[in-house]
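Report on the following structure.
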Amino acid sequence: MTSKCKSKVCNPPEASSGLQVTPEIVAGCQELILTDEQIQTYMTTFLDNIQRGLKKETHPTAIVKCFPTYVQDLPDGTESGKFLALDLGGSNFRVLLIELDGGNCQMQSKIFVISQDLMVGPGTSLFDFIAQCLAEFSIEHGVAAETLPLGFTFSFPVMQKGLTVGILERWTKGFSCDGVVGNDVAQMLKDAIARRGDVNIDVCAVLNDTTGTLMSCAWKNRNTRIGLIVGTGTNGCYVEKQSEAELFDEPDMGSGNVIINLEWGAFGDDGALDFCRVKYDVDIDKRTINPGKQLHEKMISGMYMGELVRLAAERFTKEGYMFEGKGSEKLFTPDSFETKFVSEIESDPPGTYVNIKKICDGLDLINATEQDFVNLRFLCECISKRAAHLVSAGLIVLMRKIGEKKVAVGIDGTVYKYHPHFHNLMVEKIKQLIEPDYEFELILSEDGSGRGAALVAAVAARVKSKPT
Ligand SMILES: Nc1ncnc2c1ncn2[C@@H]1O[C@H](COP(=O)(O)OP(=O)(O)OP(=O)(O)O)[C@@H](O)[C@H]1O
């Protein structure tokens with residue numbers, strides 16, 4: 001196996017202007033560059049975490065929960081019909097109407113903003129709002145009189161007790177509504193719909209967006225076995241043998257497989273990632289509404305990536321290596337550096353400073369020099385590369401566990417979609433570390449939460465109607 005970065009010290013690329021990253025910043029950022037040894041430690045620990053999540057005996061105390069999803073069959077392309085889908089799991093809430101017809105999929109959708117008050121208010125208010133959006137949408141699209149099957153993409157850690165029963169374990173990604181943890185979110189949705197009484201809906205699947213993403217990709221690519229999200233949060237799922245998934249003790253073996261929702265954002269919550277967490281990770285975590293939780297997610301996903309860069313920039317400014325040692329009030333304000341800035345900065349061709357200049361101006365860093373640009377870009381690269389490498393290491397563990405030599409991974413989420421190098425960084429890292437007889441494809445699987453939800457509902461209907 002070859003490695004482009006064998007030693008701990010990786011030299012940053014030289015800007016075409018000839019400017020190099022300030023040596024003190026290069027030295028200070030070495031802690032963000034994962035060595036092959038650290039990645040090996042990560043992989044061994046992660047596999048152990050998965051095994052603990054899957055086993056009945058160790059599941060209650062497991063950190064990576066490995067919830068069986070009750071989704072056992074992948075689409076075969078023959079699914080058809082009209083479906084509704086709800087997608088709640090991050091910055092926006094969407095209602096979708098999906099029509100599947102063989103290999104075709106037509107989709108209409110509407111986005112609704114979840115206000116900060118709803119995100120942290122009573123659970124019933126949140127579900128009443130969801131039901132209200134669903135009713136409005138159904139009336140607008142002329143389907144309120146039909147009883148359509150609905151797939152509910154609810155992308156938070158849920159313990160499924162069946163395809164239509166999902167008990168919320170805990171909130172993540174900035175949500176913390178009262179009265180939902182420990183309850184069945186499908187039932188809460190049904191109750192809210194019933195309280196209105198103006199629409200009839202058949203809630204026939206609760207799923208996570210990772211499952212939807214896997215299903216959506218599998219609809220087109222029959223080798224799909226893994227779903228991955230790198231958006232507001234991060235999570236993964238994969239197709240496991242039912243015999244390994246001890247919590248999925250259905251008497252009917254069905255296909256013999258089941259999709260496992262890893263909830264890998266929580267990896268490290270027992271300290272398992274402390275060997276590679278840095279001060280910025282610790283500082284970010286302290287300020288969140290769920291300190292000590294979702295530590296893996298906080299090293300990777302869009303909700304935190306920009307802030308990690310800002311914390312690094314703040315440190316090096318205060319140490320006198322950037323922005324004349326002065327910075328600006330905005331630079332020192334938490335969350336002022338958006339994750340999209342990381343993508344924009346890394347999209348500037350090396351040696352050009354168009355986006356970065358605009359971003360620095362916006363942060364009142366009007367006297368930023370070319371040297372500052374080179375340094376800030378390097379911070380972005382270190383943080384985004386670390387995220388891509390962590391996710392890659394996780395995928396390698398899953399590929400080996402699945403054991404099939406040709407695997408497609410369906411991936412969704414704005415960070416993966418819009419970061420200019422995330423995909424390539426992942427491909428490069430996985431190729432470097434996985435055995436050469438594995439063939440893998442990383443496929444952008446858009447709209448898993450919509451089309452995927454419809455597919456879960458449709459496949460369930462197809463399997464149910466199969467003669468026994
Ligand atoms: N151009 C960009 N590059 C990278 N990240 C971005 C970009 N634009 C927005 N983001 C980040 O992407 C995140 C939103 O991603 P996305 O819409 O995929 O998530 P979500 O659907 O809300 O939640 P999730 O997919 O995690 O369940 C936000 O954290 C935001 O900061």
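Start at 1 and go down the list; that is how both ligands and their atoms are numbered.
Counting heavy atoms only, Thr339 comes closest to atom 11 (C) of ligand 1 of the residues Val230, Thr210, Thr339. Among Glu346, Lys340, Glu344, Glu297, the residue whose heavy atom lies closest to atom 2 (C) of ligand 1 is Lys340.
Only the side chain of Lys173 comes within contact range of ligand 1, with a heavy atom under 4.0 Å; no backbone atom does.
Checking only distances, Gly413 never comes within under 3.5 Å of ligand 1, N or O to N or O. When only interatomic distances are considered, the shortest N/O to N/O separation between Ser343 and ligand 1 falls below 3.5 Å. Not a single N or O atom of Thr234, backbone or side chain, sits closer than 3.5 Å to an N or O atom of ligand 1. Considering backbone and side-chain atoms alike, Thr414 places an N or O below 3.5 Å from some N or O of ligand 1. Ligand 1 has an N or O atom lying under 3.5 Å from an N or O atom of Gly233, backbone or side chain. Considering backbone and side-chain N/O atoms, Asp209 comes within less than 3.5 Å of an N/O atom of ligand 1. Taking any N or O of Ile229, backbone or side chain, none lies under 3.5 Å from an N or O belonging to ligand 1.
Applying the 4.0 Å criterion to heavy atoms of Met303 picks out, from ligand 1, the atoms 29 (O). For ligand 1, the atoms lying closer than 4.0 Å to a non-hydrogen atom of Gly302 are 29 (O), 31 (O). Counting atoms of ligand 1 from 1 in the listed order, those under 4.0 Å from a heavy atom of Tyr418 are 1 (N), 2 (C), 3 (N). Every atom of ligand 1 with a heavy atom of Val415 under 4.0 Å away is listed here by number and element: 4 (C), 5 (N).
Under 4.0 Å is where a charged nitrogen must lie from a carboxylate oxygen, and between Asp372 and Arg377 no such pair does. Of the charged side-chain nitrogens involved, at least one lies within less than 4.0 Å of a carboxylate oxygen, so that Asp281 and Arg386 count as a salt-bridged pair.
The main-chain N or O of Asn257 is found under 3.5 Å from a side-chain atom of Gln72 such that the two form a donor-acceptor pair. Panel note: side chain Glu307, backbone Asp335; a donor-acceptor pair is recorded below 3.5 Å.
Listed by chain and number, the residues in a salt bridge (charged side-chain N to carboxylate O under 4.0 Å, His left out) with Lys318 are Glu314 (sequence neighbours excluded).
In summary, the side chains of His419 and Ser343 do not present any donor paired with an acceptor at a separation below 3.5 Å, with no hydrogens or angles considered. Under 3.5 Å, the side chains of Asp87 and Thr153 contain no donor-acceptor pair of N or O atoms.
Between the NZ atom of Lys173 and the OG atom of Ser301 there is a distance of 8.5 Å, given to the nearest 0.5 Å.
The side-chain tip of Lys401 does not point at the ring of Tyr238 from less than 6.0 angstrom away and within 45° of straight on.
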